[in-house]
Amino acid sequence: AQSVTQLGSHVSVSEGALVLLRCNYSSSVPPYLFWYVQYPNQGLQLLLKYTSAATLVKGINGFEAEFKKSETSFHLTKPSAHMSDAAEYFCAVSEREKLTFGTGTRLTIIP
Amino acid sequence: GAGVSQTPSNKVTEKGKYVELRCDPISGHTALYWYRQSLGQGPEFLIYFQGTGAADDSGLPNDRFFAVRPEGSVSTLKIQRTERGDSAVYLCASSQGVETGELFFGEGSRLTVL
């Protein structure tokens, strides 16, 4: 079965600093990978997805992620954090038509 | 509606009671999913419908949990003889049913079993 592991359940960065949220996957076939974000009191929404096209994927709100097969990683980055980025972020892998999620990383932005 | 709608948003019940949670997906979406999210955890897959049929119910924890989607649109998740361990946020999502497609999530139904 496919799975993802998110390193760090909590990450704090200063406003304007680089955001790096880590995700490693385990898959026996080329995976489809996703990052979802959950703002307080809102449903999960898609940030970006990798579907075997370009390895560098750009998403909404200035986020991007790079698929690295050699490292089995799909880390999420943003060059400059904004207060509005405070949320919980989930990495997910697609197995057929269903998604398997990681345990999430809560991002806190320090003013 | 514009998004996935889930009702109720909050449900408090007593151990042993029966509970129904409703999901109204985005119009035209053929695929519907139920997930469960416990505190501090990521969403955990329960069941997936393609149209009216359950294409994959491998995530249902036991036979107390059952879900239906009789007309291929609205779905109801049913939990019998609730236990305290069933307390969680139950998330519904819908999609166009394509493997690489995006899932659109509702805000969830928070179930508390006392």
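Please read all numbers here as calculations on a predicted model, not as lab measurements. FYI, side chains are in, hydrogens and waters are out, and symmetry mates aren't considered; it's all heavy atoms of this structure. Naming: A, B, ... by sequence-line order, numbering from 1 per chain.
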- Distance in Å, B:Leu103 CG paired with A:Phe34 CZ, rounded so as to fall on 0.5 Å steps: 8.0 Å

- Message: Looking at B:Phe66, I'd like to know if its CZ atom is crowded, meaning that more than 12 non-hydrogen atoms belonging to other residues, nucleotides or ligands lie closer than 6.0 Å.
- Response: no

- Item | chain A contact residues among residues 35-47 of chain B, heavy-atom distance under 4.5 Å | B:Tyr35, B:Gln37, B:Gly40, B:Gln41, B:Gly42, B:Pro43, B:Phe45

In a table with atom names and distances, give each donor-acceptor pair under 3.5 Å that connects a side chain of residues 75-93 of chain A to protein atoms at least two apart or in another chain.
unit_1: A:His75; atom_1: ND1; unit_2: A:Cys23; atom_2: N; d: 3.0
unit_1: A:His75; atom_1: ND1; unit_2: A:Cys23; atom_2: O; d: 3.4
unit_1: A:Thr77; atom_1: OG1; unit_2: A:Glu64; atom_2: O; d: 3.4
unit_1: A:Lys78; atom_1: NZ; unit_2: A:Asn61; atom_2: O; d: 3.0
unit_1: A:Lys78; atom_1: NZ; unit_2: A:Asp85; atom_2: OD1; d: 3.0
unit_1: A:Lys78; atom_1: NZ; unit_2: A:Asp85; atom_2: OD2; d: 2.9
unit_1: A:Ser80; atom_1: OG; unit_2: A:Gly16; atom_2: O; d: 3.4
unit_1: A:His82; atom_1: ND1; unit_2: A:Ser84; atom_2: N; d: 3.1
unit_1: A:His82; atom_1: ND1; unit_2: A:Ser84; atom_2: OG; d: 2.9
unit_1: A:Asp85; atom_1: OD2; unit_2: A:His82; atom_2: N; d: 2.8
unit_1: A:Glu88; atom_1: OE1; unit_2: A:Arg106; atom_2: NH2; d: 2.8
unit_1: A:Tyr89; atom_1: OH; unit_2: A:Asp85; atom_2: O; d: 2.6

- Consider only side-chain heavy atoms of I, L, V, M, F, W and Y, link residues closer than 4.5 Å, and tell whether B:Leu32 and B:Phe65 are in one cluster. yes

- Query: More than 12 heavy atoms of other residues, nucleotides or ligands under 6.0 Å from CG of B:Asn62: is that the case?
  - Reply: yes

- Task: Mind checking the CZ-CG spacing from A:Phe101 to B:Leu91? Nearest 0.5 Å is all I need.
- Result: 8.5 Å

- Message: Do A:Phe63 and A:Tyr36 sit in one hydrophobic cluster, given that two such residues count as connected whenever their side-chain heavy atoms are within less than 4.5 Å of each other, even indirectly?
- Response: no

- Message: Between B:Tyr33 and A:Leu99, is there a side-chain heavy-atom distance shorter than 4.5 Å?
- Response: no

Could you pull out every donor-acceptor pair under 3.5 Å between side chains of residues 107-114 of chain B and any protein atom, sequence neighbours left out?
unit_1: B:Ser109; atom_1: OG; unit_2: B:Pro8; atom_2: O; d: 2.6

- Message: Which residues pass the side chain to side chain donor-acceptor pair (under 3.5 Å) test with B:Asp86, not counting sequence neighbours?
- Response: B:Arg64

